[in-house]
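Following: one structure in structure tokens, then a few remarks.
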Amino acid sequence: MSKNTPHVTIVIPLYNVERYIASTLDSVLQQSWQDLEIIIVNDGSTDRSMAICQQFDDPRIRYVEQPNGGLAAARNAGIDHARGEYIGFIDADDIWYPEKVSRHLEHFASDPELGLSYSYSSLMDEEGKDVGVIQKEGTAPTTFADCYIRNVIGNGSNALLRREVFNGRGTDLEAFPPLHAFDIDLRHAEDYELWSRIAALTQWKMVCIPEVLVWYRLNPNGLSANTQRQRHYHLLATAKIAGYAPVEAEKYRTSSIAHLYWHQARTYLQQKNIQQGAKAVRSALHYNWHTLTGNHVMIGSALITAKLLPEWLDAALYRYACRIWGGWQRLQLRLTSIKKDQHSSLSVSSEQLSEWIRPPESYVREKAMPNLFFLSHKHQLMFLGLSKNASSSLKQLFQQEEFGTTAQTDSLAPHKFWGWTAQPGRSIEVGDTKSLEIYSSYRRFAVYRDPLSRFLSAYHNKVIYASSPHPFYIDNRLEGMGLDHFINVTAEILKIENPLHIDEHLRPQAWCYQPDDVDYIVPIKKLSQFLLTEFGIQMGTEQNKTTLPKITPTDEQCDRIRKLYQCDYAIKPNWPPR
């Protein structure tokens, strides 16, 4: 793939969403995986949506203009212009978690037969407030019945697909015109029909990542809120599906219609249309009462209380019920995350998880290793040193604040002045709980830098330019070393050395801290914004500038490097707050 070709394409259909598009677009731009392009398809929008998008000055954004043709046509236009190896879609009122794209790319890398990857979704209301409930019907592997009966993928903002799926590779029948996947006859349920078609007519696997990676907005003014239109197009979609999968469609027909009515009952509940909601529940039970689930029981109960109780009391009870149900769902996620699922390529055993999160005993953080140091007494702030670039910049900033100068005697001065040497009154040890209590008023933060970029930076400095003055045991033999050999050497050193003696670029971050150690985990690209927003500290642009080495590792090399730091991927940056 050429330098100018993005790895991932994200398509955003745009039609009169000026209220939400800024937060949606920002969530895509802030993805931890940055090698992507965003194609915004203006589907005849008549409000300020396009003007708001154009305020984002990012070269990764591209625009496609077309007359209003509906969601399917807009997505197809995005696919036509896509250059990425993987293609994802997000509706212009939903929000992605920062790690959404990277988690799906890891998923694809684990299985070459995986064509569609999706996840769980958290539900939010029209104002963006967490409803509490999770959309988590995903299965692994996902079957035609899962797609056709209840559309386990859930919403159009959830799935990422390999480009080959849209090109038709892997199909049993010629059901995929090149680069046009969504059926433009459908003004609703177009994604439902496509997922069913992929399951019925191709050999591609469809698997769910059992994690919440999407915020899905329950918008009473959205397309899914028009129940008559919804029912019309859903039945049209099922008729189309029956044309190429007649036996399976007939087998699951009543269950599919029952789930349609359950979905409409929820929509009527949002709209406070109790009478129609009750009719939808009766229709669902009539078609197939076996489709009844815990979610459906909650919907039915909410319709009953809405009929009997005052509106304010009913609203309070409904919010409380959602929180309880959502809490139970999240507890299930935590419990299942440490159990080995034979079907999921992402799941791990509890033994593996324990090994990743807690290093071997010889590597456990030692009291002799003072990880925390004060950035500034003035701002009551402590910094947990991780990334060499970040720590150097912050040490210089500390000197400027404390002593009014950044003058250095040589390039090693920040490390000589601060480094990893404990100085009374200046640094404390992670294990020194007494000192931590004394300085409990200080806010602690760590700077997170992607392990892959840190490793490549070490290779860049130590092998390509050999500019790092810090010893690395085999420095005399590094010149001209290939990346594969450097990975092998690093792997061996990580097995036998104390973390304190390993270069900051190469030392796994999980050896230095866990998320519970700090108040904030800040992505290095957000460091200046974080300090300015939270503490009013202005950092110079040069101090926070990081330059990635111009090295293009193969996919295999990337996988090998990531395996050295698997524990780091459990550390999630938690600033800015979601």
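- No donor-acceptor distance shorter than 3.5 angstrom exists from the side chain of D146 to the backbone of V152, with no hydrogens or angles considered.
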Between I487 and F455, is the side-chain contact (heavy atoms from CB on, under 4.5 Å) condition met? List the steps.
CA-CA 9 Å; I487 296 171; F455 187 91; 3.7 Å; yes
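- S457 places no side-chain N or O within donor-acceptor distance of the main-chain N or O of S453, the cut-off being under 3.5 Å.
- Between the side chain of W96 and the main chain of S157, a donor-acceptor pair closer than 3.5 Å is present.
- The heavy-atom pair separating I209 from S117 by the smallest distance is CD1-OG, 3.6 Å.
- Taking 4.5 Å as the limit, every side-chain heavy atom of D111 sits out of range of all side-chain heavy atoms of V207.
- The two residues Y120 and C208 make their nearest non-hydrogen contact at CE2-SG, 3.5 Å.
- Across all their heavy atoms, P553 and Q557 have their closest contact at CA-OE1, 3.3 Å.
- Residues F530 and V447 fail the side-chain proximity criterion, which asks for heavy atoms closer than 4.5 Å.
- Going from atom CZ of F108 over to atom CG of L114 covers 5.0 Å, rounded to the nearest 0.5 Å.
- Nearest approach of N155 to S121, heavy atoms of both residues: ND2-OG, 3.1 Å.
- Residues L25 and I40 form a side-chain contact, since some pair of their non-hydrogen atoms from C-beta on lies under 4.5 Å apart.
- Aromatic ring pairs are classed by plane angle as parallel below 30°, tilted from 30° to 60° and perpendicular above 60°; the pair F166 and F89 is perpendicular.
- With contacts defined as side-chain heavy-atom distances shorter than 4.5 Å, the pair S27/I90 qualifies.
- A distance of 10.5 Å separates OG of S119 from NE2 of H107, quoted to the nearest 0.5 Å.
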Stepwise, does the side-chain contact (heavy atoms from CB on, under 4.5 Å) test hold for K100 with Q31?
CA-CA 7 Å; K100 170 78 172 171; Q31 287 295 298; 3.5 Å; yes
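- The only member of E164, R163, R162, H104 that meets side chain to side chain contact (heavy atoms under 4.5 Å, CB included) when paired with Y86 is R162.
- With a 4.5 Å cut-off on side-chain heavy atoms, C147 and T142 count as touching.
- You'll find the side chain of Q135 stays beyond 4.5 Å of the side chain of V214, heavy atoms only.
- The two residues D191 and G156 have their closest heavy-atom pair at OD2-N, 3.4 Å.
- To the nearest 0.5 angstrom, I10 atom CD1 is 12.5 Å from I61 atom CD1.
- With E37 as the fixed residue, the side chain to side chain donor-acceptor pair (under 3.5 Å) test singles out one of H7, H81, R83, R60: R83.
- A salt bridge links R75 with D91; the closest basic N to acidic carboxylate O contact falls under 4.0 Å.
- In this structure, CG on D519 lies 5.0 Å from CZ on R443, to the nearest 0.5 angstrom.
- For the residue pair S23/D26, the side-chain donor-acceptor check at 3.5 Å is not satisfied.
- Contact record, L123 with D130: O-OD1, 3.3 Å, taken as the closest heavy-atom pair.
- Geometrically, R454 engages Y565 in a cation-pi contact, judged by NZ or CZ lying under 6.0 Å from the ring centre and within 45° of the ring axis.
- Side-chain atoms of E106 and Y569 include no donor-acceptor pair closer than 3.5 Å.
- Heavy-atom contacts from other residues, nucleotides or ligands closer than 6.0 Å to CG of D555 number 12 or fewer.
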I87 and L161: CA distance, side-chain angles, deciding distance, side-chain contact (heavy atoms from CB on, under 4.5 Å) verdict
CA-CA 5 Å; I87 302 176; L161 300 92; 5.5 Å; no
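- Side-chain contact between Q30 and P98 is absent, with no heavy-atom pair separated by less than 4.5 Å.
- A donor-acceptor contact shorter than 3.5 Å links the side chain of Q34 to the backbone of L29.
- Rounding to the nearest 0.5 Å gives a distance of 10.5 Å between NE2 of H485 and OH of Y459.
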Candidate pair N574 and Y520, rule side-chain contact (heavy atoms from CB on, under 4.5 Å), full reasoning
CA-CA 6 Å; N574 61 356; Y520 299 100; 4.2 Å; yes
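- Contact annotation: the side chain of V165 never approaches that of T202 to less than 4.5 Å [non-hydrogen atoms, C-beta and beyond].
- Between atom CG of residue L527 and atom CD of residue Q529 there is a gap of 10.5 Å, rounded to the nearest 0.5 Å.
- With hydrogens and angles left out, the side-chain atoms of D94 and T24 include no donor and acceptor closer than 3.5 Å.
- A donor-acceptor contact shorter than 3.5 Å is absent between the side chain of W204 and the backbone of M206.
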